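Because the structure is a prediction, the values reported are computed rather than measured.
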Amino acid sequence: MAAIEAGHVVAAHHLGATAMVAPGVPRLTGPDDYAEADWEHWGKHVVPAMLEYGVYLLPGGRLFLSTQHTLADVDATTEAFADVFDSLPAPRVQGNSDS
């Protein structure tokens with residue numbers, strides 16, 4: 001995952017065509033992990049940066065894949081995530097109030 005390769009702590013989960021990325025937590029095993037994610041970082045940094053690439057992300061880390069998305073769309077989104085996470089500060093990590 002592009003975020004981890006850039007040194008960010010994130011968790012990802014999917015169910016069918018719905019995916020979720022949670023910044024600042026190492027896993028998504030239940031509601032407590034979701035609640036601990038750094039959603040302020042997501043909304044302040046990740047969402048606007050991805051919009052610059054033409055990728056709209058929903059609040060709460062959700063993304064949807066549809067049959068209208070092509071392999072080129074998926075590749076472009078993956079590349080955008082890599083660029084964005086390379087350029088952004090890391091999110092607050094769960095349990096670390098120093099950041």
- [ ] Give a yes or no answer on whether the side chain of His69 reaches the backbone of Ser66 with a donor-acceptor pair at less than 3.5 Å.
- [x] yes

- [ ] Could you label the plane-to-plane angle of the Trp39 and Trp42 rings as parallel, tilted or perpendicular, counting under 30° as parallel and over 60° as perpendicular?
- [x] perpendicular

Open item on the list: Is the shortest side-chain heavy-atom distance between Thr77 and Tyr53 below 4.5 Å?
Closed with: no

TODO: Would you give the length of the straight line joining atom CG of Asp83 to atom OG1 of Thr78, rounded to the nearest 0.5 angstrom?
DONE: 11.0 Å

Task: Val74-Phe81 co-clustered via ILVMFWY side chain contacts under 4.5 Å - done: no

TODO: Please report the closest heavy-atom contact between Ala22 and Ala37, naming both atoms and the distance.
DONE: CB-CB, 3.9 Å

- [ ] Tell me, with the steps shown, if Val25 and Tyr34 meet side chain to side chain contact (heavy atoms under 4.5 Å, CB included).
- [x] CA-CA 8 Å; Val25 294; Tyr34 181 83; over 6 Å; no

Open item on the list: Using a 3.5 Å distance criterion without hydrogens, assess whether the side chain of His8 forms a donor-acceptor pair with backbone atoms of Phe85.
Closed with: yes

Task: Interatomic spacing from CG in Asp38 to NZ in Lys44 - rounded to 0.5 Å - done: 10.0 Å

TODO: May I ask you to test the Thr18-Leu65 pair for a side-chain heavy-atom distance under 4.5 Å?
DONE: no

TODO: Side-chain contact test, heavy atoms from C-beta onward, threshold under 4.5 Å: evaluate it for Met20 versus Leu63 and give yes or no.
DONE: no

TODO: Go through the side-chain N and O atoms of Thr70 and Asp73 and say whether any donor and acceptor fall under 3.5 Å apart.
DONE: yes

TODO: Check Val55 against Ala80 and note the closest heavy-atom contact, atom names and distance.
DONE: CG2-CB, 4.5 Å

- [ ] Nearest 0.5 Å please: distance from the NE2 atom of His45 over to the CG atom of Leu88.
- [x] 7.0 Å

Open item on the list: Just so I know, are the side chains of Tyr56 and Met50 near enough to count as touching, which here means a heavy-atom distance under 4.5 Å?
Closed with: no

Task: Leu57: which of Val46, Val21, Val84 passes side-chain contact (heavy atoms from CB on, under 4.5 Å) - done: Val46

- [ ] Check His41 against Pro23 and note the closest heavy-atom contact, atom names and distance.
- [x] ND1-CB, 4.5 Å

